[in-house]
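Note sheet for the following structure.
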Amino acid sequence: MNESARTSRTATFEGQLARPPFFYRQWMLAGNPAYFFDRLVQDYGDFVHYRGLFSFYLVNHPSLVKQVLQETNKSFDKNSVIYDRFRNPFGDGLVVAEGDRWKRSRRLMQPLFGQQAIQQYFPLMVDSAEQMAKRWEAACSSGQVFDAAQEMNHITLQIAGRALFHDSFDQMSAQISEWTHVINLYSAKPPLPVVRSYWFPSRINRRLKNTLAEFHEFLQQMIDARRDGDGQSDLISRLLATRDEETGQPMSDQEITEEALGMIIGGHETSSSALAWLWCELDQHPEVRDRLHAELDEVIGSDRLSPDHLPQLVYTRMVLEETLRLHPPFWFENRNVAADDVELGGAALPRGSIVAFSRYSLHRHSGFWQDPERFDPERFRPDHEENKRSTYAFVPFGGGPRICIGVHLAMMELVTVVAILAGKYDVRLDASHRHEMAAHLTMTPKYGVRVKLEKRR
Ligand code: HEM
């Protein structure tokens with residue numbers, strides 16, 4: 001590692017705010033926005049004031065990202081035009097909530113996502129992954145080519161759905177899958193003026209309104225059934241049972257509905273995209289794949305995956321972290337400047353402006369990652385030099401007070417699914433696979449992940 005890269009790791013931002021010409025490469029935004037933001041930081045550095053159809057301050061230095069994330073709820077908030085759009089499907093749920101509502105929801109929900117509390121979801125994760133492994137047997141023996149991205153979407157929706165709605169998910173899975181699809185479609189569209197306003201009678205607005213009416217009705221039925229003591233134990237029943245330690249109040253039905261919607265959307269597309277990329281990377285890096293397989297064989301062998309295995313799957317976790325570095329599912333972040341003249345990187349940002357960063361670019365910053373384009377899980381070995389870098393150089397789950405509430409749940413899910421599927425199968429890209437990335441709400445392989453299977457054990 002060269003000395004300048006080492007120094008810049010711990011450094012605070014010392015550059016200056018750059019101002020590209022108005023509308024600089026605006027056209028790129030209509031193509032792949034992650035490449036557009038990457039181009040901006042390549043051309044103008046780690047702090048850019050972009051002025052075009054949308055104007056924003058782009059930050060790409062860990063110390064600036066750290067300040068924005070840590071000062072969220074103070075100097076920065078989520079009252080941006082981009083987050084406003086998410087308020088249509090998610091109401092005032094945790095993902096978009098502000099002020100007292102956010103504080104209360106986070107306080108009430110945090111205990112449900114602690115390391116201990118999430119253990120109860122492990123059996124359903126194992127069950128879903130084993131079901132998938134069994135289903136894959138036919139494709140394996142016939143040599144059938146299929147889309148692993150679609151399969152990952154299926155399994156992560158099933159896991160989130162079963163965690164939230166227990167058995168009721170299985171009866172309603174096709175419907176829930178359609179509802180989540182529409183909400184994702186809506187959320188992925190950029191917030192253009194007028195045509196994207198919620199009152200505008202566009203097709204997607206109508207579809208979203210119908211979907212939300214049906215989804216809310218389903219959620220109300222779930223809440224009523226759990227309240228009537230139907231004996232099902234799931235996230236809905238746990239949300240119903242929570243009491244605010246400050247006021248003793250339970251959550252209202254509307255709060256539970258909004259949180260359930262946020263969790264099913266926030267919790268499945270993200271994990272599904274990480275898993276889809278993982279299969280691509282494993283195919284491209286046989287030495288990593290072999291080591292992963294060796295670890296799974298050594299730690300689990302022919303046993304059934306148990307919670308005791310998880311902490312031993314160190315390399316599996318490193319491979320997942322490296323996947324989340326190069327392919328961060330929620331690749332884009334933004335905040336509204338919530339106070340007058342907030343100081344950031346030596347500039348005074350006016351109230352109401354937008355600060356954004358792209359995890360795609362941050363996670364590939366050459367000052368913080370050596371040979372950043374290379375897929376190398378070794379970076380995440382606990383004693384590795386790169387682990388001394390700023391932790392805000394790697395933020396797939398965010399940071400500060402609004403860090404992802406599902407981070408432990410998500411990591412347990414990812415490790416479990418990989419351990420079971422890669423334990424049984426060698427998942428190989430088919431020649432028809434096309435390597436391209438799409439960056440909408442999440443970052444996904446544009447044409448899916450076309451794979452064939454070989455049996456391992
Ligand atoms: C690989 C999987 C996941 C990734 C990459 C991911 C990523 C993120 C990120 C980056 C944020 C922070 C956004 C910000 O700074 O504003 C976030 C917040 C959140 N995530 Fe996740 N997430 C994942 C899985 C999950 C799961 C499984 C759940 C389900 C419980 C979940 C629920 C949430 C919620 C409710 C928030 C809002 C937290 C708050 O504002 O207080 N996520 N997630």
Side-chain angles (χ1 to χ4, degrees), residues 65-66 68-73 76-80 82-83 86 90-99 101-114 117-118 121 124-125 152-153 155-164 180 234-236 238-239 255 258-278 317 320-321 323-336 355-360 362-363 392 394-418 441-444:
V65 169
K66 180 178 178 178
V68 171
L69 291 179
Q70 287 191 340
E71 288 181 15
T72 290
N73 298 351
F76 305 98
D77 64 24
K78 290 194 172 181
N79 285 319
S80 67
I82 302 166
Y83 270 110
F86 299 152
F90 302 120
D92 213 3
L94 198 59
V95 187
V96 286
E98 284 297 339
R101 168 66 192 265
W102 175 80
K103 265 196 213 128
R104 174 181 143 81
S105 301
R106 186 89 197 198
R107 195 167 61 228
L108 280 163
M109 289 165 63
Q110 189 67 55
L112 306 182
F113 293 96
I118 58 165
Y121 304 110
L124 71 87
M125 291 175 182
M152 295 305 104
N153 204 276
I155 193 170
T156 56
L157 180 63
Q158 187 177 62
I159 289 172
R162 286 175 166 177
L164 272 158
T180 55
D234 50 27
L235 261 167
I236 295 288
R238 282 173 209 119
L239 289 172
E255 284 175 308
E258 289 172 349
E259 299 308 351
L261 272 172
M263 283 190 279
I264 199 143
I265 302 295
H268 100 273
E269 279 273 320
T270 44
S271 310
S272 137
S273 123
L275 289 166
W277 287 112
L278 175 110
R317 219 183 150 90
L320 279 162
E321 286 180 317
T323 306
L324 288 167
R325 180 182 74 84
L326 282 177
H327 311 286
F330 265 146
W331 65 276
F332 177 76
E333 199 51 75
N334 77 100
R335 293 289 189 267
N336 167 58
V355 182
F357 68 88
S358 161
R359 292 184 174 88
Y360 177 84
L362 178 72
H363 289 181
Y392 282 82
F394 179 63
V395 285
F397 294 99
R402 302 201 69 149
I403 192 168
C404 176
I405 201 169
V407 53
H408 302 307
L409 188 74
M411 285 310 291
M412 182 165 86
E413 172 182 10
L414 298 180
V415 173
T416 301
V417 172
V418 173
L441 189 59
T442 52
M443 179 167 280
T444 52

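On a predicted model such as this, the values are computed, not experimentally measured, just so you know. Ligands are counted one by one from 1 in listed order, and the atoms in each one are counted from 1 as well.
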With a cut-off of 6.0 Å (strictly less than), are more than 12 heavy atoms of other residues, nucleotides or ligands near NZ of K66? no
Any idea how F394 and H363 line up, ring-wise: parallel (<30°), tilted (30 to 60°), or perpendicular (>60°)? tilted
Salt bridge or not for R101 and E259, using N-O below 4.0 Å? yes
State which residues pass side-chain hydrogen bond (donor to acceptor under 3.5 Å, both in side chains) with N334; sequence neighbours excluded, sorted by chain then number. S80
Contact table, ligand 1 N/O with protein N/O, distance under 3.5 Å:
from, atom 1, to, atom 2, distance (Å)
ligand 1, 15 (O), R335, NH2, 2.9
ligand 1, 16 (O), K78, NZ, 2.7
ligand 1, 16 (O), R335, NH1, 3.2
ligand 1, 16 (O), R335, NH2, 3.1
ligand 1, 40 (O), L94, O, 3.4
ligand 1, 40 (O), R402, NE, 2.9
ligand 1, 40 (O), R402, NH2, 3.2
ligand 1, 41 (O), W102, NE1, 2.8
ligand 1, 41 (O), R106, NH1, 2.7

Please determine whether a side-chain nitrogen of the Lys or Arg among E333 and R359 lies less than 4.0 Å from a carboxylate oxygen of the Asp or Glu. yes
The residue among L112, L239, L94 that forms side-chain contact (heavy atoms from CB on, under 4.5 Å) with M263 is L239
